[in-house]
K.L.:
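Got a structure for you, written out below as C-alpha cells; questions coming shortly.
Note that the numbering runs from 1 along the sequence shown for the chain. Note that ligands are numbered from 1 as they come in the structure, with each ligand's atoms numbered from 1 the same way. Predicted model only: the values in this text are computed from it and were never measured.
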Amino acid sequence: MPKILACLLLFFGLAPMAHAQSSNTDFYHATKVFRLDGGDVSYVFGVNARGELQQMYWGGRLAASDTFPTARPKPEWSSFDSSYTTTPQEYAGWGSGLYVEPALKITFADGNRDLVLHYDSHKPAQDGFDVVLKDIERAIFVTLHYQMDPESGILARSATIENRGNELVTVEQAAAAAWALPPAHYTLNYLTGRWGGEWSLTQEPIHPGARVIESRRGSTSHQANPWLAIQAGDTDENHGEVWFGALAWSGSWRIVVEQDQLDAVRITGGFNPFDFGYVLHPGESLESPVFYGGYSAHGLGGASRLLHRFELEHILPRTAKTEGRSPKLRPVIYNSWEATQFNVNEAGQIALAEKAAALGVDRFVMDDGWFGQRKNDHAGLGDWYVNLEKFPHRLKPLIDKVHSLGMDFGLWVEPEMVNPDSDLYRKHPDWVLNFPGRPRSEQRNQLVLNLARQDVRDYVFGFLDKLLTENEISFFKWDYNRNWSEPGWDQLPPNEQKRVYVAFVRNLYGILAELRQKHPNVEIESCSGGGGRVDLGILRYVDEVWPSDNTDPFDRLTQQDGFTYAYTPQIMMAWVTDSPHWLNKRSTSLGYRMLSSMQGSLGIGADITKWTPEETALAKRLIAEYHQVQATIVQGDLYRLISPRDGSEFSATQTVNADKSQSVVFVFIHSTQEGRGFPRLKLQGLDPSAQYAIAPIEGKARGDTPPQASGAWWMNHGLDMDMDFRGDFQAAAFRLDRK
Ligand code: DGJ
C-alpha cells in the first residue's frame with residue numbers, strides 16, 4: 001500500500017471535508033481542525049476562535065470516525081494570565097502578554113517587538129500539511145511544516161519564517177516547534193554528560209517552571225543531547241505512555257520543557273536564542289531545524305524502538321526510503337588511534353593492517369597524525385597534505401596493502417579546525433572565528449575555521465574532494481575537537497554577524513551532502529572528541545558516530561544504554577581496546593571487552609600487534625560470530641532487560657530481528673556480591689508459538705536449559721545462566737534461532 005494512504009490526513013474546515021464534522025458540532029462552519037494519523041498515533045490541532053493555531057490532541061491513535069469541534073482557547077485564568085498565554089499554541093509569537101516560552105520573537109526596524117501569529121492559509125504536503133501563519137498586522141509569514149511518518153507516527157515539524165515587508169527585521173528567537181501535554185504527573189528523561197562521560201540518562205519529575213536543556217557551544221555538545229522523553233505517571237521501560245522528541249540540529253540548540261501556571265506542559269525547541277539574532281532583509285526567509293516528536297504506549301523501550309526504526313528508515317543517508325534498502329551493516333573496523341596515537345607511519349600501519357585482516361576486520365582506518373607537520377596536537381591541522389617523513393610514497397602503498405588484505409581503507413580528518421602552527425593559519429589568519437583585536441582562545445591548541453565563509457567552505461570541500469579523488473578512500477572519520485569561542489564573522493555588517501550560528505551548520509551539511517553526491521560510495525563517521533556531535537541533523541549525512549572517547553568496556557555499558565534511548569545501535573561504533581584501560585586503569589578480559597562492543601557496530605582499537613595467539617584466536621572467533629548476527633543486533637528491536645545504571649550488579653540487553661526469526665542476548669556482571677547468581681532473564685519480543693534453539697556465542701546457560709523451546713517458554717519461564725557465572729566483569733552472549 002502506498003505510504004500516503006496508510007497515513008490518514010484530515011483537514012476539517014470549509015473545504016471539502018467540512019461535512020465530516022457536521023454531525024457532532026453545531027458550529028462546524030467555523031471549524032478548522034487538522035488531524036494527522038500514523039502508526040498508533042494521532043495528532044490534532046486547529047484554528048481557534050481568535051485565529052491562533054492551537055494544539056488539541058497528541059497521543060494514542062483515535063478512531064477514524066472520531067471528530068473534533070473547533071479549538072477553544074483556554075479561558076483567562078486571572079488578570080495575570082491571559083488566554084493568550086494559557087492556550088497551548090502550536091507556534092506562539094512573543095506578543096500580547098505571552099509569558100511561556102515563545103516560538104518566535106522578532107524585533108522590527110521601528111522598535112516594535114509585538115508579534116501575534118494567526119492562521120492565514122494551508123495546503124496539503126506529503127504526509128501532512130503546510131500551514132501558514134501571519135502576524136495580525138505586519139508582513140511576517142510563518143509556514144509550519146507537518147509531516148507524519150505513516151508507520152511510526154513520528155511527526156516532523158519545522159518552520160519557515162519569511163519577511164515579506166519592506167524593512168529588515170531581526171529574529172531574536174526561533175523554534176522549530178512547540179508541543180503541548182495536558183496537566184498530569186510527568187517524568188522528564190534527557191541525556192547529559194561530558195567528554196569521556198557522555199550519554200547519562202537523567203530522569204527527574206517535571207515541576208512548575210522551566211527546565212532548559214541546551215548547547216551554547218556552536219555544536220551539539222557532550223554536555224546535553226537534543227533528545228528528550230516524557231513519561232506519564234508510573235510508566236517504565238515497557239509500559240505506559242511516553243512522548244519523545246529529537247531536534248535535528250548540529251549547532252547551538254535549546255529545548256525548554258516547562259510546566260505552566262495551569263500545570264500543562266509545553267516543550268519548545270529550536271535554535272538556541274542565546275547570542276542569536278538573525279537579520280531578515282525584505283524577501284528573505286529563515287528555515288528552522290526539524291523537531292521530531294513521537295508517542296508510544298509501550299514505555300521508554302517502545303519509544304526507543306520506534307525511534308531506532310525511524311532513524312534506519314528515514315534519517316540515515318542510505319535508507320530503505322531513499323535507496324530501497326536498509327542502511328548497510330557497518331564494516332567491522334580497525335582504528336589506529338589508541339594503538340599509535342600520532343605516531344603513524346607506513347610500516348607501522350601495514351603491520352597493524354596485517355594483524356587486523358587476520359582477525360576478520362573489514363575496514364582499516366588510519367587515525368590522526370598522517371598529514372602536515374602533525375607530530376602531536378600542537379601543529380598541522382589545516383594542512384591536509386600527506387606527511388612525507390611518515391609516508392615517503394604518500395598513501396598509495398598503505399591503501400594498496402589494505403586492499404590486498406581484503407579490507408577497505410578509511411582516513412581521519414578534522415576539516416573545520418586549524419592549529420595556529422600551520423601553513424593554513426599563517427596564510428589565512430582571518431579564516432577563524434574571532435572578534436578582531438580580541439584574543440583567540442585555543443582549545444587543544446586549535447582554533448575553529450569559520451565554515452560560514454564561502455572561501456573556507458570552498459577550501460574544506462576542495463581538500464576533502466581531492467583526497468577522495470586521488471586516493472581510494474572509502475571512509476572518513478570526521479572529527480571536531482573543540483567548541484566555539486569568540487564567534488565573530490567580521491566580513492558581515494555588525495548587526496548580521498550572528499548569522500554565523502546558522503550559516504556554519506548549513507555549510508557543514510552542504511559540504512557533507514556535496515561530497516556524498518560526488519563520491520556516492522564514501523561513508524562518513526561523525527566524531528567530536530567522542531559523542532559531541534550526534535543528532536538527527538548530522539545523521540542525515542553520516543553513516544555512523546563515535547559515541548565516546550571513553551572505550552572502557554564497563555563504562556561503555558552505561559553509555560550504550562543511554563545512547564540507545566535516542567539512537568539506533570546501527571550507528572553506535574564500539575571499539576575493543578587494551579586492558580588495563582587508559583582512563584579507569586581497569587583490567588578486563590578480552591571476552592568481556594568483545595561482548596561489550598558487540599552490542600553496537602563493532603570495531604577493534606587495541607594494539608593488536610601485542611595480542612597473544614589465544615587473544616587473537618578469541619577475537620577472530622567472536623568477530624566471525626558477530627558477522628552472523630550483526631543485522632539482528634544493530635537493526636533489530638532492542639529490549640533493555642536489565643539496566644546497568646545506578647551501580648547495578650547485572651545488566652542485559654536483547655535484540656529481536658524484524659521477522660522474529662532470530663534474537664541475541666548479552667549479559668554482564670559488574671561484581672557479584674554475597675554469592676548472588678545472575679537473575680533469571682525473561683526474554684521479550686519473540687513469537688510465542690515459534691520454536692527457538694539457543695546457542696552460546698560466549699559463556700554458558702545453566703545445564704538444564706532446553707536446547708530448544710517455544711518463544712512463550714523463553715519469555716515466560718526465562719533463561720538461566722550457568723551456576724558458575726559469577727565474579728567481576730563477566731560476560732556471556734547467546735543467540736536464539738527460530739526452527
Ligand atoms: C578525538 C577522537 O574522538 C579520537 O578517537 C581520535 O580520533 C582523536 N580525536 C585524534 O586526535
Side-chain angles (χ1 to χ4, degrees), residues 193-199 217 219-223 225 250 330 333-345 348-349 352 356 363-384 387 390 409-419 421-422 442-449 464 467 473 475-483 523-534 538 542-553 555-556 559-560 563 571-578 581-583 597 600-607:
R194 58 169 187 265
W195 175 84
E198 304 89 331
W199 312 112
R217 296 164 177 265
S219 65
T220 322
S221 103
H222 304 72
Q223 197 180 353
N225 189 267
S250 315
R330 303 289 72 228
I333 65 136
Y334 178 80
N335 179 289
S336 63
W337 175 244
E338 291 201 20
T340 64
Q341 301 270 300
F342 300 96
N343 300 324
V344 295
N345 59 46
Q349 293 295 297
L352 285 168
R363 169 173 291 165
F364 183 83
V365 183
M366 177 161 65
D367 209 282
D368 200 348
W370 59 269
F371 54 90
Q373 295 309 308
R374 187 77 165 164
K375 297 188 178 66
N376 49 43
D377 62 15
H378 286 262
L381 285 176
D383 298 340
W384 298 104
N387 182 307
K390 300 180 182 187
F409 180 77
L411 192 64
W412 180 94
V413 287
E414 192 174 1
E416 299 137 284
M417 299 289 167
V418 66
N419 288 116
D421 185 0
S422 66
E442 292 175 24
Q443 289 165 24
R444 206 195 192 202
N445 312 303
Q446 63 197 57
L447 297 167
V448 185
L449 289 172
L464 292 167
L467 275 172
I473 295 171
F475 168 81
F476 277 142
K477 173 176 171 179
W478 183 306
D479 209 342
Y480 182 87
N481 280 303
R482 61 160 290 179
N483 296 129
E523 297 186 340
I524 303 174
E525 174 179 286
S526 173
C527 169
S528 173
R533 193 154 64 184
V534 182
I538 199 92
V542 300
D543 305 272
E544 60 184 54
V545 303
W546 182 227
S548 181
D549 276 350
N550 181 354
T551 53
D552 176 303
D555 282 4
R556 271 294 176 111
Q559 293 188 307
Q560 292 174 174
F563 183 97
I571 63 163
M572 183 174 77
M573 298 308 292
W575 306 345
V576 174
T577 58
D578 286 315
H581 192 264
W582 57 268
L583 188 58
S597 294
S601 283
L602 178 64
I604 308 289
D607 185 353

K.L.:
Looking only at protein heavy atoms, which one is nearest to atom 4 (C) of ligand 1, and how far off is it?
P.N.:
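Nearest protein contact, heavy atoms only, for atom 4 (C) of ligand 1 is Asp549 OD1, 3.5 Å.
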K.L.:
Answer side chain, backbone, both or neither: which part of Lys477 comes under 4.0 Å from ligand 1, heavy atoms only.
P.N.:
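For Lys477, the contact with ligand 1 is made by the side chain alone.
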K.L.:
Between Asn419 and Asp421, do the side chains contain an N or O donor and an N or O acceptor separated by less than 3.5 Å?
P.N.:
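Per modelled atom types, Asn419 and Asp421 side chains form no pair under 3.5 Å.
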K.L.:
If you count the atoms of ligand 1 from 1 in the order shown, which ones are under 4.0 Å from a heavy atom of Trp546?
P.N.:
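Near Trp546, the atoms of ligand 1 are 3 (O), 5 (O).
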K.L.:
Considering residues at least two apart in sequence or located in another chain, which fulfil the side chain to side chain contact (heavy atoms under 4.5 Å, CB included) criterion with Glu442?
P.N.:
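Side chain to side chain contact (heavy atoms under 4.5 Å, CB included) list for Glu442, sorted by chain: Pro420, Asn445, Leu447.
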K.L.:
Could you tell me which atoms of ligand 1, counted from 1 in the order shown, lie closer than 4.0 angstrom to a heavy atom of Gly529?
P.N.:
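Reading through ligand 1 atom by atom, the close ones are 1 (C), 3 (O).
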K.L.:
What's the spacing between Asn550 CG and Glu198 CD if we round to 0.5 Å?
P.N.:
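Output value for this atom pair is 7.5 Å.
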K.L.:
Roughly how far, to the nearest 0.5 Å, is OG of Ser548 from CD of Gln560?
P.N.:
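The OG atom of Ser548 is 10.0 Å from CD of Gln560, to the nearest 0.5 Å.
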K.L.:
Which ligand 1 atoms are under 4.0 Å away from a heavy-atom of Cys527?
P.N.:
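Here the atoms of ligand 1 in question are 2 (C), 3 (O).
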K.L.:
Taking distance alone, with N or O pairs closer than 3.5 Å, would you say Asp368 contacts ligand 1?
P.N.:
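In this structure, Asp368 places an N or O atom under 3.5 Å from an N or O of ligand 1.
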K.L.:
Please confirm whether Arg444 approaches ligand 1 to less than 4.0 Å, judged on its heavy atoms.
P.N.:
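Within the 4.0 Å threshold, so yes.
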K.L.:
For the ring-ring contact (aromatic ring centres under 6.0 Å, His included) test, which of Phe364, Phe475, Phe409 pairs with Tyr334?
P.N.:
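Result: among Phe364, Phe475, Phe409, Phe364 is the only option passing the ring-ring contact (aromatic ring centres under 6.0 Å, His included) with Tyr334.
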K.L.:
Does any N/O atom on Gly530 come nearer than 3.5 Å to any N/O atom on ligand 1?
P.N.:
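By distance alone, the answer is yes.
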K.L.:
Any side-chain donor paired with an acceptor under 3.5 Å for Glu338 and Trp582?
P.N.:
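Yes, a side-chain donor-acceptor pair sits under 3.5 Å.
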K.L.:
Does the N or O separation between Trp337 and ligand 1 drop below 3.5 Å for any pair?
P.N.:
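No.
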K.L.:
Strictly distance-based, threshold 3.5 Å: is any side-chain N or O of Trp575 a donor or acceptor partner for the main-chain N or O of Asn335?
P.N.:
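Answer holds: no.
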K.L.:
Who pairs with Ser528 by side chain to side chain contact (heavy atoms under 4.5 Å, CB included), at least two apart in sequence or on another chain?
P.N.:
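Ser528: side chain to side chain contact (heavy atoms under 4.5 Å, CB included) contacts with His222, Tyr480, Arg533.
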K.L.:
Should Asp367 be counted as touching ligand 1, given the test is an N or O pair under 3.5 Å?
P.N.:
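Such a contact does occur with ligand 1.
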K.L.:
Which protein non-hydrogen atom lies closest to atom 9 (N) of ligand 1, naming both residue and atom, and how far is it?
P.N.:
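Result: Asp479 OD2, 2.7 Å.
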K.L.:
How does Asn481 reach ligand 1, by side chain, by backbone, by both or by neither, if only non-hydrogen atoms under 4.0 Å count?
P.N.:
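Answer for Asn481: side chain.
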